[in-house]
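Quick notes on the structure that follows.
In what follows, every chain begins at residue 1, and chains take the letters A, B, ... in the order their sequences are listed. The figures here come from the full heavy-atom set of this structure, side chains too, leaving out hydrogens, waters and symmetry mates. Here the structure is a predicted model, which is why all the values come from computation and not from measurement.
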Amino acid sequence: MKMSKMFVQTLREFPSDAEVVSHKMLARAGYIRKLTSGVYNYMPLMWRVLKKVEKIVREEMDRAGAQELLMPFVQPKELWEESGRWEVYGRELMRLRDRHDREMCLGPTHEEVITSIARDVLKSYKQMPVNLYQIQSKFRDEVRPRYGLLRGREFIMKDAYSFDTSEEGLDKEYKNMAQAYKRIFDRCGLATKMVQSDSGAIGGSVSHEFMVITDTDAGENDVFYCNSCDYSANSNHAISNLAPAIVDGKEYFKETKVIDTPQTHSIEELSKFLNIPSTLILKSLVYIVDKKPVIALIRADKTVEETKLMNAVGGIDIRIASSAEIEELMTNKGFKAEPGFIGPNGMEDITIIADKTVKEMKNFVVGINETDKHLVGANLEKDIPHIETFTDIRLVEQGDFCPECGKPLQVTKGIEVGNIFKLGTKYSKPMNAVYLDENGKTHPYIMGCYGIGISRTAAAAVEAHYDEHGIKWPISIAPYHVVIVPVNIKDELQMQIANEMYEKLLSAGVEVVLDDRDERAGVKFKDADLIGFPYRITAGKTVNDGFVEYKIRETGEIEKVTPQEAVDHIIEIVKNIK
RNA sequence: CGGGAUGUAGCGCAGCUUGGUAGCGCACCUCGCUUGGGACGAGGGGGUCGCACGUUCAAAUCGUGUCAUCCCGACCA
């Protein structure tokens, strides 16, 4: 490719609306252009990168025994009603009507469609196991698209779906996919962690996410991991053991009674006023889950993890209640108190979920829906007997102990580039997708699903590989392998050497760019660094002595070599790309 | 959806307070000069100032409404 012909425009400055590294770099280097919020044009350079990521994904999925197909982007409402998700999925599902006023949606994921295909074709146990995948644009009408390609509304995704006749078969395929994913991300030059996670709206029982750990602020997930064993989990799913804490308030509260606690709206104020550790206080929080209030109880030094709480309630939408909503709740129950003094008593007909930490507590302090008063020396059985559900709804914190080996847990930010779910019969059952076994009996398929964000993976690679000058692509997914820069295109020898190297590399199958623009060297170097070619060969004044300069983008390392050596070196490197 | 901000040329911005022929840098085109880290000079093309309505002799500027975009929170590949 001649640089003079390349359809690309690099910018002198970062676009003002870009926040994270990958968005800034990709926009400035001419890879992407925004069309509308969360929707991007993939310009020629970007498309080359995406095709490379796709190629790696295809090769590894095929190697793992999966088969590629392509499903429609537009899907009928009826299918989504069968699975029950037309109601459940919410506004993230982009709905539209055709000319006959039939309701449709843009595919945010394809469980319904693949299940409808399977039930038509997969009639016998003899046809399984099977794993089908596609690479396609998805559309999710995100509440707040941001971070460029990391959270677009339209994005490219590889989604795979497996069908098995048994849990054992699913387990096997799940592991098979985990291995394929590891190879895929390794080949893309991305170090990933496979972490346990919540299975969210897609549903199912077990799931893992593949996280790229970066030092940029683009990672939207907190990942807890253990250095001593291989435990790691998304914060929405992580569990931990806690250090011993004072949970029995016997020494502070010999008897159970209501006392005055003026101006103690917060846990901090309360623990200071009573001069007790916050581990002796029972914290009552009000959430709104699917529009209904839910009270969460937890030891006051700990934080509620909302996804865990939502799962415990069995809801699909959760948010913390506003002060007004809390007061309204108390008023409805016949109390008149400020929000800071809410407590579980008198709330018997509200869903109450208590964290496991609560079970340990004895002679503790709790709000009683009365301003400036608390009950001290309280105990569960005696004073709050109506709590039925004790489960883990606690947010893990750095320094908590690993649930598997007991060593302290660490935390880091991660970008989720892939995930794998065990779906079981979540879709096959409601959609009546069944096969016949050896005895002619029908069973629903045991399903799994496996996603990789193709465009997000490319963006994550930028987050993981860049410096102040631009992108440093891993060679396996770089748009081109090498750029040749003749410093002065009017210098005949420089151009001749550059052209010779260019032709040799081209005929060896190397993806090479010749920067034949009539620009000053500085401009070409800046662009080369920004675009992120992994290697650069410069034909400058030293060609008169028979040398060119060979530069590695990743390390900045420079070597003076003959043109032939440079060519041979590049060919060798390209030959070894996995 | 709640909170905050911004819409002026492809990109980055000024002008608005105090209404009076729409500007600057980069990018783009032409010529000259220059050629190892985003040179220089001269000339040139490109904008219904997000949109609508209103006030006014006159609106980028004042008012009302509306749309869009971005940032902070809850969702996810």
Side-chain angles (χ1 to χ4, degrees), chain A residues 9-20 23 27-28 30 33-39 57 89-93 108-109 135-160 181 197-202 207 209-212 220-221 234 236 287-289 306-307 310 316-322 415-421 449-460 469-470 485-491 494 517-530 536 538-543 548-549 551 558:
Chain A
Q9 166 117 59
T10 58
L11 305 174
R12 277 293 266 281
E13 290 158 280
F14 292 116
S16 60
D17 61 356
E19 192 74 3
V20 298
H23 187 191
R28 182 173 166 198
R33 299 182 68 86
K34 185 170 68 188
L35 183 61
T36 183
S37 178
V39 179
V57 169
Y89 213 95
R91 301 221 288 156
E92 201 176 303
L93 184 65
T109 175
I135 295 178
Q136 186 199 43
S137 285
K138 295 278 186 271
F139 195 95
R140 295 184 189 173
D141 200 0
E142 295 278 347
V143 189
R144 182 145 102 83
R146 64 180 144 175
Y147 298 161
L149 261 35
L150 285 174
R151 178 174 296 285
R153 291 194 293 174
E154 183 174 325
F155 57 98
I156 301 174
M157 178 173 168
K158 186 281 303 180
D159 46 325
Y181 275 32
S197 74
D198 178 65
S199 31
I202 293 176
S207 79
E209 293 167 339
F210 286 75
M211 295 281 190
V212 174
E220 293 188 81
N221 299 273
N234 191 313
N236 65 21
Y287 285 85
I288 307 294
V289 178
E306 295 187 1
T307 304
M310 185 173 75
I316 55 166
D317 180 56
I318 188 169
R319 65 180 172 82
I320 190 110
S322 65
I415 302 169
E416 183 189 351
V417 288
N419 65 19
I420 54 180
F421 288 89
C449 81
Y450 316 92
I452 289 180
I454 302 286
S455 38
R456 182 183 279 181
T457 298
H469 301 295
V485 180
V487 167
N488 181 354
I489 65 164
K490 300 204 172 82
D491 181 307
Q494 287 182 20
R517 294 176 300 171
D518 187 10
E519 290 285 354
R520 298 163 64 86
V523 173
K524 300 188 192 183
F525 292 158
K526 289 284 185 192
D527 276 342
D529 288 347
L530 183 61
R536 188 182 87 197
T538 308
K541 290 200 175 91
T542 54
V543 295
V548 294
E549 179 187 286
K551 184 171 183 186
I558 295 177

Atom pairs, protein N/O to nucleotides 7-11 of chain B N/O, distance under 3.5 Å:
| residue | atom | partner | partner atom | Å |
| --- | --- | --- | --- | --- |
| B:G10 | O2' | A:Arg33 | NH2 | 3.4 |

Open item on the list: Taking any heavy-atom pair under 4.0 Å as a contact, classify A:Lys34: base, sugar-phosphate, or nothing.
Closed with: sugar-phosphate
- [ ] With heavy atoms under 4.0 Å as the rule, sort A:Ile318 into base, sugar-phosphate or nothing.
- [x] sugar-phosphate
Task: Residue whose closest nucleotide on RNA chain B lies nearer the 5' end, A:Arg456 versus A:Ile489 - done: A:Ile489
Open item on the list: What contact category does A:Lys490 fall into here, base, sugar-phosphate, or nothing, at under 4.0 angstrom with non-hydrogen atoms?
Closed with: base
Task: Interatomic spacing from CD in A:Glu209 to CG in A:Asn221 - rounded to 0.5 Å - done: 6.0 Å
Task: Sugar-phosphate only, base, or nothing, as touched by A:Gly451 at under 4.0 Å among non-hydrogen atoms - done: nothing
Open item on the list: Using OP1 and OP2 only, check whether a side-chain N or O of A:Thr10 sits under 4.0 Å from B:G38.
Closed with: no
Task: Under 3.5 Å donor-acceptor pair, A:Lys551 side-chain atoms to B:G37 base atoms - done: yes
- [ ] For A:Asp518 and B:U34, give me the distance from atom CG to atom P, rounded to whole Å.
- [x] 12 Å
Task: Under-3.5 Å donor-acceptor pair between A:Glu549 side chain and B:G36 base - done: yes
TODO: To the nearest 0.5 Å, tell me how far A:Arg28 CZ sits from A:Arg12 CZ.
DONE: 8.5 Å
Task: For atom CD of A:Glu142 and atom C1' of B:U69, their distance in whole Å - done: 17 Å
TODO: Check whether any side-chain nitrogen or oxygen of A:Thr457 sits under 4.0 Å from OP1 or OP2 of B:A77, and answer yes or no.
DONE: no
Open item on the list: Using a heavy-atom cut-off of 4.0 Å across all strands, would you classify A:Val523 as base, sugar-phosphate, or nothing?
Closed with: base
Task: Reference residue A:Arg146; test side-chain contact (heavy atoms from CB on, under 4.5 Å); the match among A:Glu19, A:Glu220, A:His23 - done: A:Glu220
Task: Pair A:Arg151 + A:Glu142, salt bridge at N-O below 4.0 Å - done: yes
Open item on the list: Once hydrogens and angles are ignored, does a donor-acceptor distance under 3.5 Å link the base of B:G38 to the side chain of A:Asp527?
Closed with: yes
- [ ] Ignoring backbone atoms, establish whether A:Lys541 has a side-chain N or O less than 4.0 Å from OP1 or OP2 of B:G36.
- [x] yes
Open item on the list: Any base atoms under 4.0 Å from A:Leu530, or only sugar-phosphate, or nothing? Heavy atoms, all strands.
Closed with: base
TODO: Answer yes or no: does a side-chain N or O of A:Arg28 lie under 4.0 Å from OP1 or OP2 of B:A27?
DONE: no
TODO: Can you check whether any acceptor in the base of B:C70 is under 3.5 Å from a donor in the side chain of A:Arg144, or vice versa?
DONE: no
Task: Donor-acceptor pair present, A:Arg151 side chain and B:C76 base, under 3.5 Å - done: yes
Task: Sugar-phosphate only, base, or nothing, as touched by A:Asp529 at under 4.0 Å among non-hydrogen atoms - done: base
Open item on the list: Expressed as a whole number of angstroms, how long is the span from A:Asn236:CG to B:C76:P?
Closed with: 9 Å
Open item on the list: Please classify the nucleic acid contact of A:Gly152 as base, sugar-phosphate, or nothing, using heavy-atom distances under 4.0 Å.
Closed with: base
Task: Distance, rounded to the nearest Å, where A:Arg153 contributes CZ and B:C76 contributes P - done: 17 Å
- [ ] State the CD1-OG1 distance between A:Ile156 and A:Thr457, to the nearest 0.5 angstrom.
- [x] 10.5 Å
Task: Base partner of B:U6, which must satisfy Watson-Crick or wobble distances under 3.5 Å - done: B:A68
Task: Nearest-Å distance once atom C1' is located in both B:U18 and B:C40 - done: 40 Å
- [ ] Name all residues meeting the salt bridge (Lys or Arg N to Asp or Glu O under 4.0 Å) criterion together with A:Asp141; count only those two or more places apart in sequence or in a different chain, and write none if there are none.
- [x] A:Arg153
- [ ] Please measure how far the P atom in B:G41 lies from the corresponding atom in B:G25, and state the result in whole Å.
- [x] 10 Å
Task: Distance in Å, A:Leu150 CG paired with A:Phe155 CZ, rounded so as to fall on 0.5 Å steps - done: 12.0 Å
- [ ] Have a look at A:Asp159 and say if it touches a base, only the backbone sugar-phosphate, or nothing, with a 4.0 Å heavy-atom cut-off.
- [x] nothing
